[in-house]
Amino acid sequence: MWVFVFFDLPTETKHQRKQAAKFRKNLICDGFTMFQFSFYIRHCPSKENADVHIKRVKSFIPTDGVVGLLCVTDKQFGAMELFQGKSEKNLPIGSQQLELF
């Protein structure tokens, strides 16, 4: 299961930039990796684990801006086609995160 977080946060004032930076930092601290600018992903071993991380992301969403959350299966993620210019680019393989039980 993959959790996608995509967002468009305002950065016009110093306070808004600080909130946007804090949101990105919280995503990284929770194990998310930047896939594209304003688009972060995290691999989760189960739907229950994904729900925990989704709940955590919801707890630190800034007051302004738009944030989207989406869960996709490994099979759906693997079917994604990614291009850089006109050349097809290979997707990152699996997650590099180590989970201890």
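Under 4.0 Å is where a charged nitrogen must lie from a carboxylate oxygen, and between D51 and K55 no such pair does.
Hydrophobic clustering (side-chain heavy atoms under 4.5 Å, transitive across Ile, Leu, Val, Met, Phe, Trp, Tyr) groups V57 together with M34. V52 and L69 fall into different hydrophobic clusters, where Ile, Leu, Val, Met, Phe, Trp and Tyr side chains are chained together by heavy-atom contacts under 4.5 Å. The cluster map of Ile, Leu, Val, Met, Phe, Trp and Tyr, joined by side-chain heavy atoms under 4.5 Å apart, puts V5 and F37 in the same cluster. F83 and M80 are assigned to two separate hydrophobic clusters, defined by single-linkage of ILVMFWY side chains at heavy-atom distances under 4.5 Å.
Applying the ring pair (Phe, Tyr, Trp, His ring centres under 6.0 Å) criterion to F6, with sequence neighbours excluded, gives no partner residue. For N26, there are no side chain to side chain donor-acceptor pair (under 3.5 Å) partners two or more places apart in sequence or in a different chain. With sequence neighbours excluded, no residue forms a salt bridge (Lys or Arg N to Asp or Glu O under 4.0 Å) with K18. Take R17 and apply the salt bridge (Lys or Arg N to Asp or Glu O under 4.0 Å) test, not counting sequence neighbours, and it matches no residue. Residues satisfying the side-chain contact (heavy atoms from CB on, under 4.5 Å) test with I28, not counting sequence neighbours, are Y40.
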(request) Could you walk me through whether D8 and S38 pass side chain to side chain contact (heavy atoms under 4.5 Å, CB included), step by step? (result) CA-CA 7 Å; D8 186 13; S38 297; 6.0 Å; no
(message) Pair D74, H43 - check side chain to side chain contact (heavy atoms under 4.5 Å, CB included), show working.
(response) CA-CA 9 Å; D74 286 333; H43 185 262; 3.2 Å; yes
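The side-chain hydrogen bond (donor to acceptor under 3.5 Å, both in side chains) contacts involving residues 60-73 comprise T73-Q76, where partners must be two or more places apart or lie in separate chains.
For the pair C44 and V3, the tightest heavy-atom approach, listed with the atom from each and the gap, is SG-CG2, 3.9 Å. Scanning all heavy atoms of the two residues, the minimum distance from A50 to M1 falls at CB-CG, 3.8 Å. Nearest heavy atom pair, residue A20 against residue T11, reads CB-CG2, 4.2 Å.
Taking the six-membered ring where the residue is Trp, F4 and F35 present parallel rings, their angle staying beneath 30° rather than reaching 60°. Using cut-offs of 30° and 60° on the angle between ring planes, the pair F7 and F23 is perpendicular.
Distance check: K25 NZ to F60 CZ gives 12.0 Å after rounding to the nearest 0.5 Å. Rounding to the nearest 0.5 Å places CZ of F32 at 9.5 Å from CD1 of I41.
Using a distance-only test at 3.5 Å, with no hydrogens or angles considered, a donor-acceptor pair links the side chain of R42 to the main chain of D30.
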